[in-house]
Amino acid sequence: MANYKLLSFDKIPSTQDYALELIASGRATDHTAILAAAQSAGRGRMRRTWVSHHGNLYISFIFSSPERDARLSYSVGVAIAETIASFGIRPTIKWPNDILVDGNKIAGVLIEYSGDFVVVGIGINVNSNPTVDRYKTTKMDNYSEIPMNELLGRLMRNMDKWRRSDFRAVRARWTELAACINRPIKYQGEVAELVGINENGALVLRRGTRYLLVYGDEITV
């Protein structure tokens, strides 16, 4: 599917961990995708649990990447948002890794580098959404009927499209989709204004007359 080697499972502990094991054992190849109908130990950023019941999309992509690239997360975010939008749903992106619909989380991303590869883990709420204390969630089924194979195919095509796009195009589309652009947010407990992203993939915040460049930290909207 879309030039990917697809490894599909009904249930495994974690697609992300499976991908990392492939890399560690020397069996990983570029454009491999590990798909699971459910996970028993799914995880997000900072080792947070990602509730992974049947009915949603859980996938980890393996791509060749000899060097780390801070811009990758923006390409991935746009790819997921465009995929969701293709079903008539209007998503926004909350930096660094959340996709929202009506302010509720519908998808998340975990990016991890290992050796000469990067693993991009994606979870999309399709037919169910978990109850989480820290934030509200939603699912695609609330807005449109979603054929899982079509969702997967569109996601793969968008991943290839936006990973290969010039970063100026990614940056422009990400800015259009970004939640709370030019609005107050909280960074490290203090209020700042989210201005945008620069050409290197840093988030640009303004606090008074000072500008801050942020890589990877979380913000609160």
Side-chain angles (χ1 to χ4, degrees), residues 1-4 31 33 44-45 57 59-61 63-65 67-111 113 118-126 135 138-140 143-144 146 150-185 187 192-206 211-221:
M1 183 179 284
N3 299 317
Y4 284 86
H31 266 67
R45 294 180 77 245
L57 183 69
I59 191 166
S60 292
F61 295 98
F63 299 115
S64 293
S65 182
E67 297 180 356
R68 291 174 176 257
D69 186 352
R71 300 170 298 178
L72 175 62
S73 64
Y74 301 99
S75 300
V76 173
V78 170
I80 299 169
E82 290 283 0
T83 299
I84 292 171
S86 72
F87 290 94
I89 304 169
R90 298 182 63 181
T92 58
I93 301 174
K94 176 183 172 293
W95 196 85
N97 70 328
D98 292 345
I99 310 299
L100 312 179
V101 174
D102 293 333
N104 302 319
K105 185 171 180 176
I106 201 168
V109 182
L110 175 61
I111 297 176
Y113 288 85
V118 62
V119 181
V120 179
I122 298 171
I124 302 177
N125 297 334
V126 182
Y135 51 82
T138 189
K139 57 183 178 177
M140 294 185 70
Y143 301 89
S144 178
I146 309 297
E150 184 62 28
L151 174 63
L152 177 59
R154 294 185 194 186
L155 177 62
M156 287 178 163
R157 289 189 291 271
N158 275 313
M159 286 288 287
D160 281 345
K161 172 186 174 180
W162 289 100
R163 284 182 58 249
R164 294 169 179 168
S165 294
D166 185 276
F167 188 63
R168 288 173 294 185
V170 174
R171 182 183 179 188
R173 186 63 180 130
W174 186 91
T175 301
E176 291 175 348
L177 291 163
C180 297
I181 200 80
N182 296 323
R183 291 173 57 189
I185 55 88
Y187 171 63
E193 182 183 353
L194 196 165
V195 177
I197 54 176
N198 72 5
E199 66 276 7
N200 298 316
L203 191 71
V204 182
L205 306 179
R206 180 168 54 217
Y211 285 85
L212 308 174
L213 300 182
V214 178
Y215 290 92
D217 293 339
E218 292 192 349
I219 62 173
T220 302
V221 299

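- In this structure, R163 fails the cation-pi test against F61, since its NZ or CZ atom is not both closer than 6.0 Å to the six-membered ring centre and inside 45 degrees of the ring normal.
- When side chains are defined from C-beta on, L151 counts as touching T83, because their heavy atoms get closer than 4.5 Å.
- The nearest pair of heavy atoms linking I59 to A33 is CD1-CB, 4.0 Å.
- To the nearest 0.5 angstrom, I84 atom CD1 is 9.0 Å from I146 atom CD1.
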Candidate pair Y143 and T138, rule side chain to side chain contact (heavy atoms under 4.5 Å, CB included), full reasoning: CA-CA 10 Å; Y143 301 89; T138 189; 3.6 Å; yes
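- Residues satisfying the side chain to side chain contact (heavy atoms under 4.5 Å, CB included) test with A81, not counting sequence neighbours, are P91, I93, L177.
- S165 pairs by the side-chain hydrogen bond (donor to acceptor under 3.5 Å, both in side chains) definition with nothing, not counting sequence neighbours.
- In this structure, F167 CZ and W174 CH2 are separated by 9.0 Å, a value rounded to the nearest 0.5 Å.
- In this view, R164 and H31, D160 satisfy the side chain to side chain contact (heavy atoms under 4.5 Å, CB included) rule, not counting sequence neighbours.
- Environment of CD in E67: sparse, with no more than 12 heavy atoms of neighbouring residues, nucleotides or ligands closer than 6.0 Å.
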Is there a side chain to side chain contact (heavy atoms under 4.5 Å, CB included) between R157 and R154 once you walk through the steps? CA-CA 5 Å; R157 289 189 291 271; R154 294 185 194 186; 3.5 Å; yes
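- Judged as a salt bridge (charged side-chain N to carboxylate O under 4.0 Å, His left out), and not counting sequence neighbours, the contacts of E176 are R173.
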Passes side chain to side chain contact (heavy atoms under 4.5 Å, CB included), L57 versus I122? Steps please. CA-CA 8 Å; L57 183 69; I122 298 171; 5.6 Å; no
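- With rounding to the nearest 0.5 Å, the separation of OH in Y4 from CE in M159 is 5.5 Å.
- Nearest approach of R171 to I197, heavy atoms of both residues: NE-O, 2.8 Å.
- Taking V195 as the reference, V204, R206, Y211 meet the side chain to side chain contact (heavy atoms under 4.5 Å, CB included) condition, with sequence neighbours excluded.
- The nearest pair of heavy atoms linking V126 to K139 is O-CB, 3.7 Å.
- Here CG of N104 is found 13.5 Å from CD1 of I99. Values are rounded to the nearest 0.5 Å.
- Annotation: side-chain hydrogen bond (donor to acceptor under 3.5 Å, both in side chains) contacts of N200 (sequence neighbours excluded): none.
- Applying the salt bridge (charged side-chain N to carboxylate O under 4.0 Å, His left out) criterion to R168, with sequence neighbours excluded, gives D166.
- Atom-to-atom distance recorded for L194:CG and I181:CD1 is 4.5 Å, nearest 0.5 angstrom.
- In terms of modelled atom types and a separation under 3.5 Å, the side chain of N97 and the main chain of V109 share a donor-acceptor contact.
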Show me the donor-acceptor pairs, under 3.5 Å and distance only, between side chains in residues 71-80 and residues at least two apart or in other chains.
from: R71; atom 1: NE; to: D69; atom 2: OD1; distance (Å): 3.0
from: R71; atom 1: NH2; to: D69; atom 2: OD2; distance (Å): 3.4
from: Y74; atom 1: OH; to: W95; atom 2: NE1; distance (Å): 2.8
from: Y74; atom 1: OH; to: G201; atom 2: O; distance (Å): 2.7
from: S75; atom 1: OG; to: W162; atom 2: O; distance (Å): 3.4

